[in-house]
Amino acid sequence: MSNFELSVVVPCFNEEAVLEEFARRMALACAAVTDHYEIVFVDDGSSDATWSMIESLADRDPRVVGIQLFRNHGHQLAASAGLSLARGERVLLIDADLQDPPELLPLMAKRMDEGFDVVYGRRIARAGETAFKRATASLFYRLLNKLSSVPIPEDTGDFRLMSRPVVDILNDMPERHRFIRGMVSWIGGRQAAFPYSRDARFAGTTKYPLRKMVSLAIDALTSFSTKPLRVAVWLGLVSSLFAFAILVYAVTEWALGNAVPGWASSVVAISFFSGTQLFVMGVFGEYLGRVVQEVKRRPLFTIGQIRRDEMAGETAGSIQSLQKAVDAYTDAEKRTKLR
Ligand code: UDP
Ligand code: MG
């Protein structure tokens with residue numbers, strides 16, 4: 001059986017400026033909860049000194065685990081890599097940039113003691129975030145909740161404390177386009193919101209430019225709803241009505257002897273229909289592309305190295321699948337207990 005009561009999973013992408021301070025504050029917060037903890041840093045293909053800093057943290061403290069991915073896989077997959085290797089009975093997922101204060105951990109753990117499976121951070125104030133980011137985020141969650149049958153709470157990120165059964169189920173969900181906060185909502189169980197005010201980044205710059213945010217939003221929409229596919233049906237109906245009106249108009253004009261029909265109406269009709277068709281094809285394409293990627297069943301992430309006390313510096317090679325990663329590195333006894 002694992003003797004870790006707590007794992008902290010920290011995805012890091014070019015976070016050299018914050019790591020030392022994060023590790024210091026996180027270790028203090030963990031120590032307030034238990035002595036049996038590990039902090040799992042996942043280096044998501046950083047190009048700065050992030051990995052060497054993780055290594056030196058691991059040299060100094062055996063409770064630090066380092067996972068180096070071969071390349072940048074993005075926040076959600078880096079987090080998934082960490083979750084698949086975390087051994088604790090409870091797992092905290094937290095960003096490295098100190099926007100989510102590590103000091104909240106003891107309070108979240110207390111909340112979990114009341115019988116919750118998930119305690120998720122809910123932002124009541126956010127320092128250092130632009131009005132644009134806040135407005136688009138709010139719009140996005142409203143749209144997502146309209147489309148999805150799983151309610152996904154607004155103003156949350158991935159900052160959350162999860163119980164072992166929840167983490168196991170999450171690890172068993174094989175999808176590649178991962179929207180972790182939505183997947184955790186889907187799992188269910190007793191979930192509690194934990195209101196907190198989000199700090200500004202301690203140092204460094206955001207690793208989530210608009211492009212990545214849009215792509216996360218599309219991942220969320222496509223993996224939690226197929227309703228956009230139905231848009232085709234409605235648009236088809238509307239354009240059929242439109243086409244019928246044009247038909248009536250054309251026939252009347254012809255019957256009245258106004259032989260040369262208007263150029264404008266043809267242009268309007270052609271551009272309207274081709275626009276709708278391209279839009280609908282685009283929506284189909286988004287889903288189809290994702291089906292292709294899922295069908296390939298490539299590993300979700302590629303692990304280069306794992307730095308962990310009992311297997312320091314061991315080279316893992318390319319891990320074939322999330323399940324294999326779990327099989328290879330989680331101890332067998334714990335797995336049988338959880339069955
Ligand atoms: N991150 C990552 N891989 C990426 C982008 C980000 O592991 O490709 C990590 C990053 O190091 C941080 C967390 O994900 O710990 C959240 O990123 P960030 O703070 O830049 O996003 P924001 O808070 O600005 O939305
Ligand atoms: Mg941040």
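Because the structure is a prediction, the values reported are computed rather than measured. For reference, positions follow the sequence shown, starting with 1. Whatever order the structure lists them in is the order used to number ligands and atoms, beginning at 1.
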Worksheet entry | Within-4.5 Å side-chain heavy-atom neighbours: Leu69 and Ile303 | yes
Discussion item. Just to verify, which of Leu105, Val118, Val8 counts as forming a side chain to side chain contact (heavy atoms under 4.5 Å, CB included) with Leu161?
Written reply: Leu105
Worksheet item: Looking only at heavy atoms of Met213, does any of them come nearer than 4.0 Å to an atom of ligand 1?
Response: no
Worksheet item: Can Phe70 and Phe301 be said to form a ring pair (Phe, Tyr, Trp, His ring centres under 6.0 Å), step by step?
Response: CA-CA 8 Å; Phe70 266 136; Phe301 41 77; over 10 Å; no
Practice prompt. For ligand 1, indicate whether the residue Cys12 contacts it via side chain, backbone, both or neither (heavy-atom separation under 4.0 Å).
Written response: backbone
Worksheet item: Given Arg201, Glu15, Lys207, Lys212, which one has a non-hydrogen atom that is nearest to atom 8 (O) of ligand 1?
Response: Lys212
Item to complete: For the Mg ion (ligand 2), find the closest N/O/S atom belonging to Asp97 and write down its atom name.
Response: OD2
Worksheet item: Which residue owns the protein heavy atom closest to atom 19 (O) of ligand 1, what's the atom, and how far is it?
Response: Asp97 OD2, 2.6 Å
Practice prompt. May I ask you to say whether Arg308 pairs ionically with Glu55, meaning some side-chain N is under 4.0 Å from a carboxylate O?
Written response: no
Practice prompt. Run through Leu104, Leu98, Asp100 and flag the one making a side chain to side chain contact (heavy atoms under 4.5 Å, CB included) with Pro102.
Written response: Leu98
Worksheet item: Is there an N/O/S atom in Gln99 at a distance below 2.8 Å from the Mg ion (ligand 2)?
Response: yes
Worksheet item: Does any N or O atom in Gln99 lie less than 3.5 angstrom from one in ligand 1, N or O only?
Response: yes
Worksheet item: Looking just at side-chain N and O atoms, do His73 and Ser80 make a donor-acceptor pair shorter than 3.5 Å?
Response: no
Item to complete: Considering only non-hydrogen protein atoms, determine which one is nearest to atom 9 (C) of ligand 1 and report residue, atom name and distance to 0.1 Å.
Response: Pro11 O, 3.6 Å
Worksheet item: Looking only at heavy atoms, is any part of Asp44 under 4.0 Å from ligand 1, and if so is it the side chain, the backbone, or both, or is it neither?
Response: side chain
Item to complete: If you have a sec, work out which protein heavy atom is nearest atom 1 (N) of ligand 1 and how many Å separate them, to one decimal?
Response: Phe13 CB, 3.7 Å
Worksheet item: Going by atom types alone, do Ser7 and Glu38 pair a side-chain donor with an acceptor below 3.5 Å?
Response: yes
Fill in: Modelled atom types, side-chain donor and acceptor of Ser138 and Arg142, under 3.5 Å
yes
Fill in: Distance from atom 14 (O) of ligand 1 to nearest protein heavy atom, with residue and atom
His75 CD2, 3.1 Å
Fill in: Top protein contact for atom 16 (C) of ligand 1, by heavy-atom distance
Asp95 OD2, 3.3 Å
Worksheet item: Do the non-hydrogen side-chain atoms of Met183 and Glu175 ever get within less than 4.5 Å of each other?
Response: yes
Discussion item. Does this structure show an ion pair linking Glu294 with Arg290, if we count only N-O contacts that are shorter than 4.0 Å?
Written reply: no
Worksheet item: Would you say Arg198 contacts ligand 1, with heavy atoms under 4.0 Å as the rule?
Response: yes
Item to complete: Give the atoms of ligand 1, by number and element, whose distance to some non-hydrogen atom of Ala96 is under 4.0 Å.
Response: 15 (O)
Item to complete: Could you tell me the residue and atom name of the protein heavy atom closest to atom 21 (O) of ligand 1, and the distance to it rounded to 0.1 Å?
Response: Tyr208 CD1, 3.3 Å
Fill in: Passing option when His36 is tested against Glu5, Arg63, Glu89 for side chain to side chain contact (heavy atoms under 4.5 Å, CB included)
Glu5
Worksheet item: With a 4.0 Å heavy-atom cut-off (strictly under), which part of Lys133 contacts ligand 1: side chain, backbone, both or neither?
Response: side chain
Practice prompt. Please report which non-hydrogen protein atom sits nearest to atom 24 (O) of ligand 1, along with the residue it belongs to and the distance in Å to one decimal place.
Written response: Thr206 OG1, 2.5 Å
Worksheet item: So, is Asn72 polar-close to ligand 1, with some N/O to N/O distance under 3.5 Å?
Response: yes
